[in-house]
Structure formats: C-alpha cells, structure tokens
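When a ligand or atom number is given, it counts from 1 through the structure's own listing order. All of these numbers come straight from a predicted model, not from anything done at the bench.
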Amino acid sequence: MVFDSFAEARKNGFLAMKKLKDSGKGVVGQFCTYTPLEIFMAADLVSVSLCSTSDETIPEAEKVLPANLCPLIKSSYGFAITDKCPYMYFSDLVVGETTCDGKVKMYELLGQTKNVHVLELPHRQTTPEAKALWRAEIVRLIERVEKDFGVAITDEMLKEAIRKRNMERRLLKEVYELSTMCPPPISGLRQLQILFGAQFKFDWQEKVEEIQNAIDSIKEAYENGERPIAEKAPRILITGCPMGGVTEKVVKVIEDAGAVVVAFENCTGAKQMDRQCREEGDPITNIADHYLNIGCSVMTPNPNRFELLYRLCDQFQVDGVVEMTLQACHTYAVESYTVKTFLKERNIPYLHLETDYGTSDIGQLSTRAGAFVEML
Ligand code: BJ8
C-alpha cells in the first residue's frame, strides 16, 4: 500500500527534496496550518512542513530555550540549529506566524541564522480590522516571495493553485471519511500515517495519484471483506495539538486498549482539509478568508473549532473524544476546559491527555486510555 511509516515518509521526502533542490527549485519551509501554501504553489516553489515531531534535538534547543516550553517549539528550533532537518537546511525562506507566544519569540532567534518571514496573524476572525490585517499580510507574503525568488505571481496563478490545493484537500478528506464506515476500514494510526505522509510528497501530480491509489486500495480491501478493525471497537475522535512522529504514541495507547481512532480534529487531520477555499472572485481575499477561519486555540473566541468538533462527532458516530495537549501549550490547555464542558453538555465522554515528546509517560498514558476505553 502507498504511504509509509512516519520515519519512512520523512526519509523518502529528504531524498526527493535533495533532487528538487539539485534541479534548482526554490524551497519554502513552514510550520503552521495558517501558512497559505497556495502562494508558494503559484510561484512554482516547493513548500515543506519543517521537522518538529521528534525529541531528537530538544537537548540542543534547551541550551537556548527554556526547558518548560512546548516540545513542538523546542523540537523545531533544535532541528534548525543542529541542521539535522534537511528540509530546514534546504529552505531558502522560512515562514513563521504569530500564533502562540513561544513560537513568536522562537522565530526571533531563528531569524538570526535563517531567512525568516513572520506572518502577523490576528487572533480574531470576524472583525473587519482582523480581516483587513490578514489580507494585507497575504499581500506582504506574496511580495516577499516575489522579491526573494525573482518571480511575479498573478491572480491566474493563484487561482490555479487554489484549484489544485482544493483537489488535494478533497482527496485527503475522502481518505479520512472512509472511517465513517462501521467498522472503519483502517486504524487511526494508518489514517494518521497517510495524512502525515502526504506532507512529504512534493510533486503535486504524484501526490494526488498516490492519495487516490490509497483510497482505491482501502476500498477494494473492504469490499473484499477485509475487516482489520473489530465491529465493536469504541470509536474515538482525537482533538488538540498537532500530531505525528513521537505523538503517535497517543494513538497507539488508545488502539492498544481496544478502541479505534476514527477522526482527528487537529492540524494533522480535519482542521486543514475540512473546508474548500472559494474559487470564484478575488483569489487573495479567498485565500485570506480561507486560512483566517481555521479553528485553532490561538483564536479568541474560537467557535470554528467547536463547530467542526461537534460535526465530526456526529458524522463519525464517535463514542468518546480524547484531547491531546502538549506540555506548556497554554492556548490548548486553557481551551480544554471549554472542550470538556461543551462535550459534557452533549453527553460525549471526554479524556484529556497531556504529554511531551518523551516516552517515559507511555505507561501512564496506557493506564488512563485503558480505563477510558473500558468505560465506553
Ligand atoms: S493552526 S495548532 S499548527 S498554531 S507551538 S500552539 S502546540 S504551544 S502548533 Fe499549531 Fe498552527 Fe494552531 Fe495548527 Fe501550542 Fe506548541 Fe504553540 Fe502549537
């Protein structure tokens, strides 16, 4: 089947990236779902999600950053300063954003050694001032890309990029919506591998073909009677911080306890694929509106997260929600109280697991996940 394990996806991506770089392609590295990838696609650049899912470089990062900072930020910075992330090494431009305070301050340090552009993301989604600021930031990014890479980005190029990204979103959504079936045709770990792995396919045509192949082979196996998941396995939705790499441990403990993860309401899953970007009209406004509406906990208030969360609970017939937050991620940790209350009012069982990028808490995570699954 197409798409490999997390480690394989990253490794194969490195090799593909080296080839592209050798052929003279410009590369943009980014960290966050708010980054409007259509702009890089329009400019015929390669964009890549920078490494931030392993604890490998955290000791180096902690020589500069405080130990009690979110592991995702320490990992990102550690990969940058040690040159252990080939994607960071190959990036001609790194695009950050003013999402959480830790990342904002880390980008300042990153700017001392890398070519960094920080998007000023407003933390409100509906005010005219916030919309105007964000649209202006999209224009500022377009101008930066044009200047750094010597390209001119037209509306037509942006429209074509929107169309292609929409197709990619539609296909990835089709992948995760396969798990609306009962029992689902794939485990949550497999679903996560496909969604995560797609980030490391840089040729758009090859990427959409591979995703389509993945969909076809999963459907075919199901039609042939393959049932890898037990019919009675409790169906879990995961919400919270982004996942991938070391945090797959959370999916594993849930599935080892006999449940199945059917949906991810986070940046590795539905948060970035659920909605399509408008194709008619001004492409810059469409891109700005599309990204500003992402329901991340850095937004205040953050109604879009709750709308998506409840819709997915219903669509995937979930039996329980597990929220994973990373240590020292204040926005998700504070919002977890609202998530818990929101779900309680709707009689949906909820478990909050806080973790980091180490492995020492696996026993404790297993115990808590096991008790939760047993109660469903
Ligand atoms: S759109 S979830 S990718 S900001 S780095 S906020 S975990 S303390 S990653 Fe995120 Fe964009 Fe939002 Fe998605 Fe917390 Fe850590 Fe900050 Fe983090």
Starting from atom 9 (S) of ligand 1, which protein heavy atom do you reach first, and at what distance in Å?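 Nearest neighbour among protein heavy atoms for atom 9 (S) of ligand 1, to 0.1 Å: Pro242 CG, 3.7 Å.
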Subset of ligand 1 atoms that lie under 4.0 Å from at least one heavy atom of [X]:
| X | value |
| --- | --- |
| Cys32 | 1 (S), 3 (S), 4 (S), 11 (Fe) |
| Tyr34 | 1 (S) |
| Thr33 | 1 (S), 3 (S), 11 (Fe), 13 (Fe) |

Among Ser76, Pro71, Cys296, Ala333, which residue places a heavy atom closest to atom 12 (Fe) of ligand 1?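 Answer by nearest heavy atom: Cys296.
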Quick one: list whatever passes side-chain hydrogen bond (donor to acceptor under 3.5 Å, both in side chains) with Glu97, sequence neighbours left out.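 Result, side-chain hydrogen bond (donor to acceptor under 3.5 Å, both in side chains) vs Glu97: Thr99, Lys103, Tyr107.
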Quick one: side-chain hydrogen bond (donor to acceptor under 3.5 Å, both in side chains) partners of Lys147, sequence neighbours excluded?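 Once residues adjacent in sequence are excluded, Lys147 has no partner under the side-chain hydrogen bond (donor to acceptor under 3.5 Å, both in side chains) criterion.
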Apply ring pair (Phe, Tyr, Trp, His ring centres under 6.0 Å) to Phe79 and Tyr87, showing your working. CA-CA 9 Å; Phe79 274 110; Tyr87 297 130; 9.9 Å; no
Pair Lys249, Thr355: side-chain N/O donor-acceptor within cut-off below 3.5 Å: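 Yes.
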Hydrogens and angles aside, do Asp216 and Gln212 bring a side-chain donor and acceptor to less than 3.5 Å of each other?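 Side-chain D/A pair, Asp216 to Gln212: present.
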May I have the list of side-chain donor-acceptor pairs in residues 343-350 shorter than 3.5 Å, sequence neighbours left out?
residue, atom, partner, partner atom, Å
Arg346, NH1, Phe342, O, 2.9
Tyr350, OH, Glu323, OE1, 2.5

Spell out the protein N/O/S atoms under 2.8 Å from atom 14 (Fe) of ligand 1 as residue plus atom name.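 Listed by chain and number, the nearby protein N, O or S atoms are Cys329 SG.
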Would Asp274 and Arg169 satisfy salt bridge (Lys or Arg N to Asp or Glu O under 4.0 Å), going step by step from the backbone distance to the final call? CA-CA 7 Å; Asp274 176 61; Arg169 287 187 191 100; over 6 Å; no
Carboxylate-amine/guanidinium proximity below 4.0 Å for Arg368 and Glu354: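 Salt bridge absent between Arg368 and Glu354.
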Does the distance from a Lys or Arg side-chain N to an Asp or Glu carboxylate O, for Lys74 and Asp356, drop under 4.0 Å?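 Salt bridge absent between Lys74 and Asp356.
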N/O/S atom of Cys267 inside 2.8 Å of atom 12 (Fe) of ligand 1, strictly under: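 No N, O or S atom of Cys267 is closer than 2.8 Å to atom 12 (Fe) of ligand 1, so no.
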